[in-house]
Amino acid sequence: MSQVQATAWSAQDCARLAQTIVNNVEKVLQAKHQQVELALAAVVAGGHLLIEDVPGLGKTMLARALAVSVGLSFKRIQFTADLMPSDIVGGPVYNPKDGSFLLRPGPVFANIVLADEINRANPRAQSALLECMEEGQITLDGQTVPLPAPFAVLATQNPIDMAGTYPLPEAQLDRFLIRLSLGYPDAETEASLITTQQFAHPISSLQPVCEADGFARLVAGARDVTITPEVANFITAIVTATRKHPAIRFGASPRGTLGLARMARALSCIRGRAYVDPAVVRELAVPVLAHRIIVQTQGGQSQSAAALVQGILQTQRTPQ
């Protein structure tokens, strides 16, 4: 499909397809509309998503349902303490018939890769994802091999039960476009699960609702969304403020600035807008920036990164 064809859709066409995808994912993950929408926007923006929450809230199901719904290739990697880099990216395999070595691709060769419980793997295994996430390629046996496009890592991690885990280094956290938390369902939704998921899970019957060319049109539509100079300055001011805040040791890098702009474009696209509203920037600031800053610790007490970003937003004037 040509670039001209890919950008032929209107904002309303993009919004309709996006809503179809969101509705399909919500068959699996109920009453989490905002989180599903943000997860879709992250993939449309060409970024990676970190889902962090306590066990049993649907982190893995969100990743699987999104992959199935958009109709892209999907692989799952269960991260464990004994996982090796070759288990992720692959490596040379000996062929006894002719004594040669064949390059065996690992599970990272897919459009959407679920890195389940990513913090359970050792730093060496975690580092195998760095080149994949930043450059969309891997280097094996001296050869540079491109990964399928589009490519997105959807990682999950458990913030409790930290025994046997390895916290993600800041350099790797910064490569995730957004970080989400699902939270507990409300009482009505949880009661309905007894009926809908007692003996079978909806993920087993979920079907794709988007063709590959349709997803390409969404990606092209997001790139066509306009950011005015005033909104661009607003984004920059928010990120710059994280570097000057007295309670923040290290603020967000320019990667955070670019990430906030990319997410704002993607979320505006799937909501049917041809431009970025400053309200969308405010909505995205915490999930895009909070995991990128390092908070000062004084006497063992400090504000959370999310609270600090929220405080920064209150000091910034919204452009008209």
Exercise. Shared ILVMFWY cluster between Leu114 and Ile203, side chains joined below 4.5 angstrom?
Worked result: no
Exercise. Hey, what do you get for CZ (Phe176) to CZ (Arg255), rounding to the nearest 0.5 Å?
Worked result: 11.5 Å
Exercise. Donor-acceptor pair, Arg104 side chain versus Val93 backbone, under 3.5 Å?
Worked result: no
Exercise. Is the backbone of Leu50 close enough, under 3.5 Å, to the side chain of His291 for a donor and an acceptor to pair up by distance?
Worked result: no
For this session: Drop me the distance from Cys269's SG to Arg223's CZ, to the nearest 0.5 angstrom.
Result: 11.5 Å
Exercise. Does a side-chain N-to-carboxylate-O contact under 4.0 Å join Arg271 and Glu283?
Worked result: yes
Exercise. When rounded to the nearest 0.5 angstrom, what distance separates SG in Cys14 from CD in Gln19?
Worked result: 13.5 Å
Exercise. Is it true that Val145 and Phe151 fall in one hydrophobic cluster, defined by side-chain heavy atoms closer than 4.5 Å?
Worked result: yes
Problem set entry | Within one Ile-Leu-Val-Met-Phe-Trp-Tyr cluster: Ile178 and Val281, side-chain cutoff 4.5 Å | yes
Exercise. To the nearest 0.5 Å, what is the distance between CE (Met263) and CD1 (Ile235)?
Worked result: 11.5 Å
Exercise. Per the side-chain contact (heavy atoms from CB on, under 4.5 Å) rule, which among Leu177, Leu154, Val70 passes with Val43?
Worked result: Leu154
Exercise. How about Pro185 and Glu190: do any of their side-chain heavy atoms sit closer than 4.5 Å?
Worked result: yes
Problem set entry | Asp186 and Thr189: CA distance, side-chain angles, deciding distance, side-chain hydrogen bond (donor to acceptor under 3.5 Å, both in side chains) verdict | CA-CA 5 Å; Asp186 58 60; Thr189 301; 2.9 Å; yes
Problem set entry | Closest non-hydrogen atom pair between Thr139 and Glu131, with its separation | OG1-OE2, 2.9 Å
Exercise. Does Leu38 share a hydrophobic cluster with Leu289, counting links as ILVMFWY side-chain heavy atoms below 4.5 Å and allowing steps through other members?
Worked result: yes
For this session: Side-chain contact test, heavy atoms from C-beta onward, threshold under 4.5 Å: evaluate it for Leu180 versus Glu52 and give yes or no.
Result: no
Exercise. Any side chain to side chain donor-acceptor pair (under 3.5 Å) pairs touching residues 142-155, not counting sequence neighbours?
Worked result: none
For this session: Please assess Leu284 against Leu260 for the test side chain to side chain contact (heavy atoms under 4.5 Å, CB included), listing each intermediate value before the final yes or no.
Result: CA-CA 7 Å; Leu284 291 170; Leu260 187 52; 3.8 Å; yes
Problem set entry | salt_bridge(Glu135, Arg175) N-O dist < 4.0 Å | no
For this session: May I ask you to test the His201-Val28 pair for a side-chain heavy-atom distance under 4.5 Å?
Result: yes
For this session: Sorted by first residue and then second, give each side chain to side chain donor-acceptor pair (under 3.5 Å) pair with at least one member in residues 73-88; sequence neighbours left out.
Result: Ser73-Asn111, Arg76-Gln78, Arg76-Asp116, Gln78-Glu117, Thr80-Asp82
Exercise. Any side-chain heavy-atom pair from Cys132 and Val89 closer than 4.5 angstrom?
Worked result: yes
Problem set entry | Ile227 vs Tyr275 side-chain heavy atoms within contact, under 4.5 Å | no
Exercise. What are the two closest heavy atoms between Leu206 and Asn24, and how far apart are they?
Worked result: CD1-O, 3.4 Å
For this session: Identify the two heavy atoms, one from Ser127 and one from Arg124, that lie closest to each other, and give their separation to 0.1 Å.
Result: OG-O, 2.6 Å
Problem set entry | Heavy atoms of other groups near Arg249 CZ, more than 12 under 6.0 Å | no
Problem set entry | Within 6.0 Å of CD in Glu211, more than 12 heavy atoms from elsewhere | no
Exercise. Side chain to side chain contact (heavy atoms under 4.5 Å, CB included) between Val108 and Val153: does it pass, once the steps are laid out?
Worked result: CA-CA 9 Å; Val108 78; Val153 173; 5.7 Å; no
Exercise. Taking all atoms of both residues into account, what is the closest heavy-atom pair of Pro146 and Phe109, and its distance?
Worked result: O-CE2, 3.7 Å
Exercise. If you take all heavy atoms of Ile248 and Thr242, which pair is closest and at what distance?
Worked result: CG2-O, 3.3 Å
Exercise. With the 4.5 Å side-chain cut-off for hydrophobic clustering, are Leu173 and Ile88 part of the same group?
Worked result: yes
Exercise. Does the side chain to side chain contact (heavy atoms under 4.5 Å, CB included) test come out yes or no for Met61 and Arg64, once each step is laid out?
Worked result: CA-CA 5 Å; Met61 288 301 107; Arg64 288 182 59 190; 3.4 Å; yes
Problem set entry | Approximate separation, where rounding is to 0.5 Å, of Leu182 CG and Leu29 CG | 6.0 Å
Exercise. Judged by atom type as modelled, is there a donor-acceptor pair below 3.5 Å linking the side chain of Asp174 to the main-chain atoms of Arg292?
Worked result: no
Exercise. So, do Gln12 and Arg16 sit near enough that their side-chain heavy atoms are less than 4.5 Å apart?
Worked result: yes
Exercise. Shortest non-hydrogen contact from Val54 to Tyr184?
Worked result: CG2-OH, 3.7 Å
Exercise. Got Leu66 and Phe74 here, is their nearest side-chain heavy-atom distance under 4.5 Å?
Worked result: no
Exercise. Okay, side chain of Arg282, backbone of Leu313: is any donor-acceptor separation there less than 3.5 Å?
Worked result: yes
Problem set entry | Side-chain donor or acceptor of His48 paired with backbone N/O of Met133 under 3.5 Å | yes
For this session: Dump the intermediate steps for side chain to side chain contact (heavy atoms under 4.5 Å, CB included) on Phe79 and Ile77, then the final yes or no.
Result: CA-CA 6 Å; Phe79 278 63; Ile77 307 171; 3.7 Å; yes
Problem set entry | Polar side chain donor-acceptor pair, Ser10 to Asp13, under 3.5 angstrom | yes
Problem set entry | Distance (rounded to the nearest 0.5 Å) between Thr60 OG1 and Ile51 CD1 | 7.5 Å
Exercise. Has the side chain of Gln126 got a donor or acceptor atom that lies under 3.5 Å from a matching backbone atom of Tyr166?
Worked result: yes
Exercise. Do the side chains of Asn122 and Met84 get nearer than 4.5 Å, heavy atoms only?
Worked result: no
Problem set entry | NZ/NE/NH1/NH2 to OD/OE distance under 4.0 Å, Lys59 and Asp53 | no
